[in-house]
Amino acid sequence: MDHEASVYLHQLPVPGEDRYVSLALVNTRFAVSHGRVDLLDGTEAAHLWLVRHGLLPDRVDLDGRQSGRLCALREALRALFEARATGTHPADAPLDTLNAALAAAPATPRLDWGADGPRRADVPDAGNPAAAALFLLAEDAADLLTGADAAQLAECSAQGCARWFLRSHGARRWCTTRCGNRVRAARAYAARKDR
């Protein structure tokens with residue numbers, strides 16, 4: 001499978017990524033049959049991911065330090081998601097990373113008025129667009145971890161898959177039907193082989 005096919009695999013819909021960009025961030029590192037894929041591998045790739053998700057204007061450059069902070073936030077979120085899903089207390093480092101991203105571009109509260117009426121919106125400081133992008137990701141993750149959807153947060157049970165998703169029902173164990181089909185096919189093969 002080439003890199004483009006790997007990227008295509010990642011683009012298969014994972015429940016929850018449409019509502020939580022932090023979930024999409026965590027899923028930028030995943031496994032395929034020939035190894036691991038990292039969609040944030042390098043400054044250009046990280047820049048492209050942020051632009052595609054509407055978190056950074058295309059004209060704004062990203063440097064290696066900022067790219068590293070994005071990857072560090074991703075790994076911190078993986079640890080925090082795991083702690084939430086298993087009901088354990090996370091280490092201090094992931095919490096510190098998330099809180100640093102929240103503090104790097106403090107938000108200014110404001111009132112927005114849309115077609116459905118007023119709603120509160122917190123707009124991050126735009127003086128540092130990369131820090132604002134990390135703030136938005138961290139805020140999104142904090143909303144996910146503390147909100148009603150947190151109980152549905154799960155890691156895919158397919159061997160080798162490291163993606164996270166929101167369960168649509170309690171029995172769901174796989175992020176996509178592709179992972180579920182792969183597990184069922186492996187079970188069927190093992191059963192035939194044992195005969």
Side-chain angles (χ1 to χ4, degrees), residues 6-7 10-11 13-30 36-85 88-112 119-150 152-156 162-166 175:
S6 300
V7 172
H10 184 280
Q11 291 173 345
V14 173
E17 283 186 358
D18 58 334
R19 295 183 2 232
Y20 295 99
V21 70
S22 59
L23 197 55
L25 173 64
V26 166
N27 290 335
T28 58
R29 182 173 56 80
F30 56 97
R36 289 216 170 275
V37 173
D38 185 348
L39 298 177
L40 303 180
D41 188 20
T43 303
E44 287 182 35
H47 179 265
L48 180 62
W49 189 87
L50 287 169
V51 169
R52 284 187 175 167
H53 285 84
L55 295 166
L56 190 70
D58 191 27
R59 70 186 187 296
V60 174
D61 289 330
L62 195 68
D63 64 32
R65 186 174 44 89
Q66 294 162 330
S67 174
R69 285 185 180 151
L70 178 64
C71 291
L73 181 59
R74 174 185 62 190
E75 298 313 312
L77 294 182
R78 291 185 81 77
L80 295 172
F81 286 2
E82 183 176 342
R84 178 65 172 97
T88 59
H89 193 280
D92 289 340
L95 283 171
D96 292 344
T97 300
L98 178 96
N99 287 326
L102 287 170
T108 302
R110 57 180 286 156
L111 183 66
D112 280 344
R119 74 175 185 87
R120 182 185 171 128
D122 294 329
V123 179
D125 176 10
N128 181 341
L134 292 179
F135 167 84
L136 291 170
L137 287 161
E139 183 181 48
D140 183 78
D143 288 346
L144 172 56
L145 289 166
T146 61
D149 290 327
Q152 280 71 49
L153 188 61
E155 187 173 17
C156 183
R163 296 196 303 170
W164 285 83
F165 67 100
L166 294 181
C175 63

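Note that the structure is predicted; figures quoted are calculated from it, not measured. Along the sequence shown, residues are numbered consecutively beginning with 1.
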If every non-hydrogen atom of Arg120 is compared with every non-hydrogen atom of Pro109, which pair is closest and at what distance? NH2-CB, 3.1 Å
May I have all residue pairs that pass ring pair (Phe, Tyr, Trp, His ring centres under 6.0 Å) and include part of residues 119-142, sequence neighbours excluded? none
Spell out, as yes or no, whether a donor-acceptor pair under 3.5 Å connects the side chain of Arg78 to the backbone of Ala162. yes
Taking C-beta and beyond as the side chain, do Leu80 and Thr97 meet within less than 4.5 Å on heavy atoms? no
I need the minimum non-hydrogen distance between Val51 and Asp58, along with the two atoms involved. CG2-CA, 3.8 Å
So which atom in Ala141 and which in Leu98 form the shortest heavy-atom distance, rounded to 0.1 Å? CB-CD1, 4.1 Å
Shortest non-hydrogen contact from Leu56 toward His47: CD2-CD2, 3.7 Å
Across all chains, not counting sequence neighbours, the side-chain contact (heavy atoms from CB on, under 4.5 Å) partners of Gln66 are Leu62, Asp63, Asn128, Ala130
If every non-hydrogen atom of Trp164 is compared with every non-hydrogen atom of Val26, which pair is closest and at what distance? CD1-CG1, 3.5 Å
By the definition side chain to side chain contact (heavy atoms under 4.5 Å, CB included), identify the one residue from Leu137, Leu39, Asp38 that meets it with Arg74. Asp38
Between Asp112 (side chain) and Ala121 (backbone), is there a donor-acceptor pair under 3.5 Å? no
Closest approach of Ala24 to Trp49 (non-hydrogen atoms, all atoms of both residues): C-CZ2, 3.8 Å
